[in-house]
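We use all heavy atoms of the structure for the numbers below, so side chains are in, but hydrogens, waters and symmetry mates are not. Worth saying up front: this structure is predicted, and the values here are computed from it rather than measured.
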Amino acid sequence: MQALMLAAGMGKRLGRYTQNGTKCMVQVNGKALIEYAIEALVDAGIKKFTLVTGYRSEILKKFISSKFNEKNLNGMKIEYIENPVYDKTNNIYSLYLAKDVLSSDDTILLESDIIFDSKIFSDLVHSSDRNIAMVSHFEPWMDGTCTLLDKERFIVGMLDKAHFNWNDIGDYYKTVNIYKLSKEFSQRFYIPFLEAYQKSFGKNEYYETVLKVLTMLDSKTLKGMVVRGDQWYEIDDPADLAIAETRFAPVQEKLRLMENNYGGYWRFPQIKDFCYLVNPFFPPQKLVDELKSNFQTLLTAYPSGARQQNLLAGKIFNILPEHIVVGNGAAELIKSFGSMVTGKTAIPYPTFNEYPARFCNSETVEIPVNKETFEYSVEDILKTVDESKATNVLLINPDNPTGHFLKKEDVFRLLDELKSRNVQLIFDESFIDFAESDIRYTLIDEEILNKYPNLVVIKSISKSYGVPGLRLGVLVSSKKDIIQEVQKNNSIWNINSFAEYFLQIYDKYKSSYKASCDKIADERNRFASELEKISGITVYPSQANYIMCKYTGKKSVTEITENLLQEHNLLVKNLTGKYGCGEKFMRLAVISPSDNDALVAALRAEISE
């Protein structure tokens, strides 16, 4: 069996990455795509490899000869076919130039812009099926030709972009652009059709179109070999390159890159996210359907300005519009408000780092926290305020990442004491709705705000309401000058029409929201009890939608989090290096029961090893 790669294209969309070389010379984690491909071919026992080259052909040949010799090729021969009109033709002509090669032996046909797990390549080579298109169940990041498979995995249809229907994506399989074609198939069908199609439609077409015609004529022509979406990636532009580097990085680097993405995990659908904190039980499908039904209107219309957003948010929380401001997530409000915080700010550590990072005009004072239990009291806070002369206190309740919780009566006592000292309380209640129902409360209340002018409340709607993609948060205060200044720091259209519409329709679904918070509380308790059964795991009490754990076994937490990602596709928050935590802690989001059980099983397996 031989291999044939089409590598004549210019790769214009990769810009500077192909200025001095070809598309298959682009580096992914320090190694060129062509190196990955050749190594996989050698491992699979391929003895002849032909490349159809064009753009910067001589540079590519020199690069390959500098990287590979007779010894590391294990007897595989590399040959070249030149496409002199690579800039005026598409891949149908490149393949036509290699028709004699294609007809001489069973052939693995692949394109030059793919990185893939070498195991799937070996599976393809050793499959008993003789004519195969490698395919992958359609995922949102994919683009290009899709296929339809019957129950025997035969390809019964190939769809180009013009015939793609988003309503049918559950049935689609994207072509990976790696094929296995038998010598007989190429001789009897593919090459004759390739020549005929090219004569009729010209050289500026794609070879997949010929395969489409063949599958239309005979549905038993080509089988699909299904591989997972995380086992390959097509690199067309710099954004693709960044994603590919994350997918195929060594595990230590992969974990770092994933964490530094701060989201966007829909591009990695095989990975289950226990790192970022979102309500899995809200919004209900009916709310989603209502958003969908207005999609075109919302997509093509400007959102309202800040005044209307504040009115809508005020309606949800029963707050006067002049006491509330809506942000593009709590993060925008922390930034807009953070620069206004001056003097000294008392903060218990560990904490959400975005706050001290944004309090650029304030000196941070650390509130002492019990290093064994991560608890602190009102007395601890007041003592720090009195000793340091702090003018602000930051209280995230429940705290992030520990889940530590101060009850309502304690916070009111704190507010009274701070008011008498003329100290401002910045109260983040982003996770408070997940507390047990009998101790759940909110400070977003007109009576409370008017009684305590020293109170500023920040709440992330993205997290607690399960809509992080909408980017919503609110800041509340009875001091109009604070609201006006934060509003001035925000842009005029700081949230989009979808977020605005969510605020408009939320009231119809508030009973569902309360039920979702109750479900989180119940599942948190169940999840915690299962985690406590794992040897070496200490579970800290939490009233949030996450649980902080301490591991005291033989492995490091870093090793465990890396293995969870690499072996189980589970992403958890490693708190190693986070100030105030040390090296033995991780934070686990509470999501669906089945996913939580999968994490428990994976943790138990990793720790038992």
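- A pairwise comparison of heavy atoms in Ser136 and Met142 identifies OG-CE, 3.6 Å as the closest pair.
- Within the model, atoms CD of Glu205 and OG of Ser200 stand 10.5 Å from one another, a figure rounded to the nearest 0.5 Å.
- The two atoms that bring Phe164 and Cys146 nearest to each other are CE1-SG, 3.7 Å, heavy atoms only.
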(message) Would Leu149 and Ile155 count as a side-chain contact (heavy atoms from CB on, under 4.5 Å) here? Give the steps.
(response) CA-CA 5 Å; Leu149 306 183; Ile155 294 175; 3.6 Å; yes
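- Taking each heavy atom of Ile461 and Val467 in turn, the nearest pair found is O-CG2, 4.0 Å.
- Side-chain atoms of Asn91 do not come within 3.5 Å of backbone N or O of Ser94 as any donor-acceptor pair.
- Asp273 meets the side chain to side chain contact (heavy atoms under 4.5 Å, CB included) test with Tyr265, Cys275, Tyr276, Leu571; sequence neighbours excluded.
- Among all heavy-atom pairs drawn from Ile271 and Met258, the shortest one is CD1-CE, 3.6 Å.
- Going from atom CG of Leu565 over to atom CG of Asn574 covers 11.5 Å, rounded to the nearest 0.5 Å.
- Side-chain contact between Leu181 and Tyr190 is present, with at least one heavy-atom pair separated by less than 4.5 Å.
- Panel note: side chain Lys203, backbone Tyr93; no donor-acceptor pair is recorded below 3.5 Å.
- Salt-bridge check for Asp150 with Lys220: passed, with a basic side-chain N closer than 4.0 Å to an acidic carboxylate O.
- With sequence neighbours excluded, the residues that form a side chain to side chain donor-acceptor pair (under 3.5 Å) with Lys533 are Glu530.
- Ion pairing between Asp117 and Arg228 fails under the 4.0 Å rule for side-chain N and carboxylate O.
- Two residues are said to be in side-chain contact when any heavy atoms from C-beta on lie closer than 4.5 Å; Leu110 and Phe116 meet this criterion.
- In this structure, the separation between NZ on Lys573 and CD on Glu259 is 5.0 Å, given to the nearest 0.5 Å.
- Side chain of Gln2 to main chain of Ser104: no donor-acceptor pair is present (N/O by atom type, distance under 3.5 Å, no hydrogens or angles).
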(message) As a quick check of understanding, evaluate side-chain contact (heavy atoms from CB on, under 4.5 Å) for Val52 and Leu95, giving each step before the final call.
(response) CA-CA 8 Å; Val52 181; Leu95 187 57; over 6 Å; no
(message) Let's go through Glu111 and Tyr207 carefully: what are the C-alpha distance in whole Å and the side-chain angles of both, what is the deciding distance for side chain to side chain donor-acceptor pair (under 3.5 Å) to 0.1 Å, and is it a yes or a no?
(response) CA-CA 11 Å; Glu111 295 188 20; Tyr207 70 82; 2.7 Å; yes
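- Proximity of Asp230 to Arg247: side-chain heavy atoms (C-beta onward) are separated by under 4.5 Å at one or more points.
- Ile591 pairs in a side-chain contact (heavy atoms from CB on, under 4.5 Å) with only one of the listed residues (Ile520, Asn545, Asn596), which is Asn596.
- For Tyr506, the ring-ring contact (aromatic ring centres under 6.0 Å, His included) partners are Tyr465, not counting sequence neighbours.
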(request) Report the C-alpha distance between Ser112 and Thr22 in whole Å, list the side-chain angles of each, state the deciding distance to 0.1 Å, and finish with yes or no for side-chain contact (heavy atoms from CB on, under 4.5 Å). (result) CA-CA 9 Å; Ser112 64; Thr22 67; over 6 Å; no
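- Looking at His163, its side chain never comes within 3.5 Å of a backbone N or O of Leu159 through a donor-acceptor pair.
- Residues Ser529 and Arg526 come closest through the heavy atom pair OG-O, 2.6 Å.
- To the nearest 0.5 Å, atoms CG (Asp105) and OG (Ser182) are separated by 10.5 Å.
- Residues Tyr546 and Phe434 keep their aromatic ring centres 6.0 Å or farther apart.
- Although no hydrogens or angles enter the test, the distance criterion places a donor-acceptor pair under 3.5 Å between the side chain of Arg56 and the main chain of Gln19.
- Listed by chain and number, the residues in a side chain to side chain donor-acceptor pair (under 3.5 Å) with Thr209 amount to none (sequence neighbours excluded).
- Looking at Lys23, its side chain never comes within 3.5 Å of a backbone N or O of Tyr17 through a donor-acceptor pair.
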(request) Just do the side-chain contact (heavy atoms from CB on, under 4.5 Å) check on Leu194 and Gln198 with the steps written out, would you? (result) CA-CA 6 Å; Leu194 190 72; Gln198 189 178 208; 5.6 Å; no
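- Side chains of Asn29 and Glu245 form a contact here, defined as non-hydrogen atoms less than 4.5 Å apart.
- Side-chain contact check for Met5 versus Ile34: some heavy-atom pair is nearer than 4.5 Å.
- How far CD1 of Ile78 is from CD1 of Ile38: 4.0 Å, rounded to the nearest 0.5 Å.
- Although no hydrogens or angles enter the test, the distance criterion places no donor-acceptor pair under 3.5 Å between the side chain of Thr107 and the main chain of Leu109.
- Applying the salt bridge (Lys or Arg N to Asp or Glu O under 4.0 Å) definition to pairs two or more places apart or across chains, those involving residues 26-36 are Lys31-Glu39.
- Side-chain contact between Ile547 and Arg524: present, with at least one pair of heavy atoms (C-beta onward) separated by less than 4.5 Å.
- Tyr55 places a side-chain N or O within 3.5 Å of a backbone atom of Thr18 that can act as its donor or acceptor partner.
- Partners of Lys77 under the side chain to side chain contact (heavy atoms under 4.5 Å, CB included) rule, at least two apart in sequence or in another chain, do not exist in this structure.
- A side-chain donor-acceptor contact under 3.5 Å links Ser462 to the backbone of Leu472.
- Between Asn563 and Lys555 there is a side-chain heavy-atom pair separated by less than 4.5 Å.
- For the residue pair Asp595 / Ser592, a side-chain donor-acceptor distance below 3.5 Å is found, with atom types taken as modelled.
- Residues Ser186 and Ile191 have side chains in contact (heavy-atom distance under 4.5 Å, counting atoms from C-beta outward).
- The side-chain contact (heavy atoms from CB on, under 4.5 Å) test with Val288 is passed by exactly one of Lys286, Glu290, Lys292: Lys292.
- Aromatic ring centres of Tyr197 and Phe193: separated by at least 6.0 Å.
- Taking the six-membered ring for Trp and thresholds of 30 and 60 degrees, Phe295 and Phe498 have ring planes inclined between 30 and 60 degrees apart.
- Here the rule is side-chain contact (heavy atoms from CB on, under 4.5 Å) with Val213, and of Val210, Leu217, Leu211, Thr215 only Leu217 fits it.
- No donor-acceptor contact under 3.5 angstrom links the side chains of Thr175 and Glu208, judged on distance only.
- Just one of Lys174, Gln270, Arg267 meets the side-chain hydrogen bond (donor to acceptor under 3.5 Å, both in side chains) condition when paired with Glu139; it is Gln270.
- The structure places CZ of Arg16 at 10.0 Å from CG of Leu14, a figure rounded to the nearest 0.5 Å.
- Checked by atom type and distance alone, the side chain of Ser516 never pairs as donor or acceptor with a backbone atom of Phe282 at under 3.5 Å.
- Taking the six-membered ring where the residue is Trp, the centroids of Tyr172 and Trp166 are separated by 6.0 Å or more.
- When all heavy atoms of Glu606 and Leu564 are compared, the pair lying nearest together is CG-CD2, 4.2 Å.
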